[in-house]
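Working notes for the structure below.
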Amino acid sequence: MAKTLKQTIDQRLAVYKLKMEPALQEYVTDEIVQHILNLTNHSKLPKELYYLVAKMVCEVAEPEVDESAEEIVNPLAGVKSLKVGDITVDLSGSTPTAKAKDVDEAIQSLLQDYNRQILSVRKLRW
């Protein structure tokens, strides 16, 4: 049994063969934990929520690419825009800013999805 939140997250990532950059993992974890602390009125994350946080972090992670498998090459990898006739399509949505926005949106969506389980450990303030 994992003893810390980081160990729980790392264990779950390994079991499901997911990868996540350490900086992104730390950011996502901190964001989720802070939201849970604010919502539940706790000063420290309850151990009962370690597996829930690990599950939420893993939903943001990407599957590992098998090195021995053939790599799928995206033919549009370097294309910024595409013009056919009088129709132009801009494909530059994969900028770092767009990726960060996608991560933030994913985190907010996860927090809404797991709201009921998070509220089960809420402390009331008087």
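Just so we're clear, the structure is a prediction, and the values are computed from it rather than from any experiment. Counting from 1, the numbers follow the sequence of the chain as shown.
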Could you grab the distance from atom OH of Tyr27 to atom CD1 of Ile107, nearest 0.5 Å is fine?
-> 5.0 Å
So do Val33 and Ile36 actually touch side chain to side chain, heavy atoms under 4.5 Å?
-> no
Under the side-chain contact (heavy atoms from CB on, under 4.5 Å) rule, what do Gln108 and Glu31 come out as? Steps first, then yes or no, please.
-> CA-CA 9 Å; Gln108 290 304 316; Glu31 182 92 14; 4.0 Å; yes
Minimal non-hydrogen separation, Gln117 against Leu49, with atom names | O-CD2, 4.2 Å
Do you know which two heavy atoms are closest between Cys58 and Arg12, and how far apart they sit?
-> SG-CG, 3.4 Å
Heavy-atom donor-acceptor pair, His42 side chain to Val121 backbone, under 3.5 Å | yes
Worked verdict on Asn38 versus Gln34 for side-chain hydrogen bond (donor to acceptor under 3.5 Å, both in side chains) | CA-CA 6 Å; Asn38 291 342; Gln34 187 59 51; 3.0 Å; yes
Are side-chain heavy atoms of Leu111 and Met56 found at a separation under 4.5 Å?
-> yes
Whether Thr8 side chain and Thr4 backbone form a donor-acceptor pair below 3.5 Å | yes
Closest non-hydrogen atom pair between Asp10 and Gln25, with its separation | OD1-NE2, 3.0 Å
Under the 3.5 angstrom rule, does the side chain of Asn41 hit a backbone N or O of Lys123 as a donor-acceptor pair?
-> yes
Heavy atoms of Leu37 and Leu45 approach each other most closely as CD2-N, 3.5 Å
Roughly how far, to the nearest 0.5 Å, is CG of Leu119 from CZ of Arg116?
-> 9.5 Å
Taking atom CD1 of Ile32 and atom CD of Glu59, what is their separation to the nearest 0.5 Å?
-> 9.0 Å
The reported gap from CD in Glu48 to CD1 in Ile118 (rounded to nearest 0.5 angstrom) is 13.5 Å
Between the side chains of Gln11 and Tyr51, is a donor N or O closer than 3.5 angstrom to an acceptor N or O?
-> no
Kindly determine whether Val57 and Met20 satisfy side-chain contact (heavy atoms from CB on, under 4.5 Å), including the steps that lead there.
-> CA-CA 9 Å; Val57 170; Met20 184 178 268; 3.9 Å; yes
To the nearest 0.5 Å, atom NE2 of His35 lies from atom CD of Gln112 at 8.0 Å
For residues Leu52 and Tyr114, report the shortest heavy-atom separation together with the two atoms involved.
-> CD1-CD2, 3.2 Å
